[in-house]
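The structure under discussion appears below in the form of structure tokens.
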Amino acid sequence: MELGLVGLGKMGGNMRERIRRAGHTVIGYDRNPDLADVHSLEELVGKLQGPRVVWVMVPAGAPTQSTVDELAELLQPGDVVVDGGNSRWTDDERHAEQLAAKGIGFVDCGVSGGVWGLQNGYALMYGGDAEHVAKVQPVFDALKPEGDFGAVHAGKVGAGHFAKMVHNGIEYAMMQAYAEGWELLEKADSVTDVREVFRSWQVGTVIRSWLLDLAVNALDEDEHLEKLRGYAQDSGEGRWTVEAAIDHAVPLPAITASLFARFASRQEDSPQMKMIAALRNQFGGHAVEKK
């Protein structure tokens, strides 16, 4: 099938390549002309055969809104827009209503996989009407990991980004637990090789995970994380997860504490946040602050 892809950064560029490797045609647009296949959204839409599918991979908020606004004027009834960025689920509901008024479908899709997605595939959580999801299904199949799992039609519009938001909240808490354990091991005089303790956990333990593997990668590159400043940003989805928990009266003590720990990292050079920063760089290519 043909796909228009808007936003060709770290995630979008690799997604374009993976979809093409599956035999589909991808026409990509990015504000950086060195990355783009076309020079405007209008040109992108003009090169696609109807019914069109346009996948948006731009930052949440105003950039996504302006892209949806422009596509609403360019696309035709029967076309579908997919928001694969990190938009808030409440924005999805508004975008779906805006596009539906013009006969254009909308699917929201949470995407996980970071800079490793090209090689390993992307975990996908998508929401929307079944008829709209069906038009995008070949792309979902191309992006997902091999095997029977790794992609889910999570529910109606907004469900995909809500599921990805909760995924990221859990990620916050898991990273915080590894970081706290690492700092405690580093402080103990009796433990002389913290990196190898972490490595030993990779096989046979109940806490083994891909995040643990990435922690070992980071420690192999910088054994005591001495090159990093203990500062970690939050993407916004941790905050949204806590806010949703309040709205639904669901207690989230671990996730909430991990979010507040990131806030604390901005007040001092936190050893735990060195590990959080290192992990975020490993799985997502997120920027780190060097000492």
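- Panel note: side chain Arg262, backbone Gln233; a donor-acceptor pair is recorded below 3.5 Å.
- Checked by atom type and distance alone, the side chain of Asp108 pairs as donor or acceptor with a backbone atom of Gly160 at under 3.5 Å.
- A distance-only check finds a donor-acceptor pair linking the side chain of His24 to the backbone of Met1 [under 3.5 Å].
- When atom types are taken as modelled, the side chain of Lys144 and the backbone of Phe149 share a donor-acceptor pair closer than 3.5 angstrom.
- Side-chain contact check for Trp182 versus Leu225: some heavy-atom pair is nearer than 4.5 Å.
- Using a 30° and 60° split on the angle between ring planes, His248 and Phe162 fall in the perpendicular class, above 60°.
- Here Glu42 contributes atom CD and Leu74 contributes atom CG; the two are 6.0 Å apart, rounded to the nearest 0.5 Å.
- Put simply, CG on Asp220 and CZ on Phe198 are 12.5 Å apart, with the number rounded to the nearest 0.5 Å.
- Heavy atoms of other residues, nucleotides or ligands lying less than 6.0 angstrom from NZ of Lys10 number more than 12.
- In this model, no donor atom of one side chain and acceptor atom of the other lie less than 3.5 Å apart for Asn217 and Glu221.
- Hydrophobic clustering, with ILVMFWY side chains joined whenever heavy atoms are under 4.5 angstrom apart, groups Val216 together with Trp116.
- Note that the CG atom of Leu212 and the CE atom of Met175 stand 13.5 Å from one another [nearest 0.5 Å].
- Scanning both residues, Ser40 and Glu43, for their nearest heavy atoms gives OG-N, 3.0 Å.
- Looking at Phe140 and Val107, their side chains come closer than 4.5 Å, going by heavy atoms from C-beta outward.
- Side-chain contact between Gln137 and Asp141 is present, with at least one heavy-atom pair separated by less than 4.5 Å.
- Under the 4.5 Å side-chain contact rule for hydrophobic residues, Val56 and Leu124 do not share a cluster.
- For the pair Arg18 and Tyr122, the cation does not sit on the ring face, since its NZ or CZ is not both under 6.0 Å from the ring centre and inside 45° of the axis.
- When all heavy atoms of Ala173 and Ile255 are compared, the closest pair comes out as CB-CG1, 4.0 Å.
- A donor-acceptor pair under 3.5 Å is absent between the side-chain atoms of Asp79 and the main chain of Val53, judged by distance alone.
- Donor-acceptor pairing under 3.5 Å is recorded for the side chains of Lys164 and Asn168.
- Nearest approach of Leu211 to Met174, heavy atoms of both residues: CD1-CB, 3.9 Å.
- Surrounding CD of Glu97 are at most 12 heavy atoms belonging to other residues, nucleotides or ligands under 6.0 Å away.
- Here the side chains of Val111 and Trp55 are in contact, with some heavy-atom distance below 4.5 Å.
- Annotation for Glu223: atom CD counts as buried by contact number, over 12 foreign heavy atoms lying within 6.0 Å.
- Distance alone, capped at 3.5 Å, is enough to place a donor-acceptor pair between the Arg52 side chain and the Val45 backbone.
- When all heavy atoms of Ile276 and Gln176 are compared, the closest pair comes out as CD1-N, 3.6 Å.
- Taking 4.5 Å as the limit, every side-chain heavy atom of Met275 sits out of range of all side-chain heavy atoms of Glu186.
- Hydrophobic cluster membership is shared by Leu228 and Leu219, with clusters built from Ile, Leu, Val, Met, Phe, Trp and Tyr side chains linked at under 4.5 angstrom.
- Closest heavy-atom contact between Ser209 and Tyr178: OG-OH, 2.8 Å.
- Under the 4.5 Å side-chain heavy-atom criterion for grouping Ile, Leu, Val, Met, Phe, Trp and Tyr, Met165 is not connected to Met125 through any hydrophobic cluster.
- Within the 3.5 Å criterion, the main-chain N or O of Val80 finds no donor-acceptor partner in the side chain of Lys135.
- Side chains of Gln98 and Asp69: a donor on one and an acceptor on the other come within 3.5 Å.
- At a threshold of 4.0 Å, the pair Lys274-Asp222 does not count as salt-bridged, since none of the basic side-chain nitrogens sits closer than that to a carboxylate oxygen.
- With hydrogens and angles ignored, the 3.5 Å screen pairs no side-chain donor or acceptor of Arg280 with any backbone N or O of Ala277.
- Of the inter-residue distances, the one linking Asp91 atom CG with Thr64 atom OG1 reads 8.0 Å to the nearest 0.5 angstrom.
- By the 4.5 Å heavy-atom criterion applied to side chains, Arg239 and Phe263 are counted as neighbours.
- Taking each heavy atom of Ser87 and Asp92 in turn, the nearest pair found is CB-OD1, 4.1 Å.
- Checking side-chain atoms of His161 against main-chain N and O of Gly85 turns up a donor-acceptor pair under 3.5 Å.
- We find that Glu17 and Arg20 are not joined by a salt bridge, their nearest charged nitrogen and carboxylate oxygen being 4.0 Å or further apart.
- Distance CD/Glu243 to CG/Leu252: 12.0 Å, rounded to 0.5 Å.
- Between Asp213 and Gln282 there is no side-chain heavy-atom pair separated by less than 4.5 Å.
- How far OG1 of Thr241 is from CD1 of Ile246: 11.0 Å, rounded to the nearest 0.5 Å.
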**Request:** Starting from the C-alpha separation in whole Å, work towards a yes-or-no answer on side-chain hydrogen bond (donor to acceptor under 3.5 Å, both in side chains) for Glu2 and Gln49.
**Result:** CA-CA 7 Å; Glu2 291 184 337; Gln49 299 288 326; 5.3 Å; no
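- Of the residues Leu143, Leu118, Leu3, Leu8, the one that meets the side chain to side chain contact (heavy atoms under 4.5 Å, CB included) test with Met15 is Leu143.
- A single hydrophobic cluster is seen to contain both Val139 and Val82, as judged by linkage of ILVMFWY side chains at heavy-atom distances under 4.5 Å, directly or through other members.
- Although no hydrogens or angles enter the test, the distance criterion places no donor-acceptor pair under 3.5 Å between the side chain of Thr256 and the main chain of Pro253.
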**Prompt:** Are Val136 and Tyr126 close enough, and set up right, to give a side-chain contact (heavy atoms from CB on, under 4.5 Å), and what steps lead you there?
**Reply:** CA-CA 10 Å; Val136 192; Tyr126 38 92; over 6 Å; no
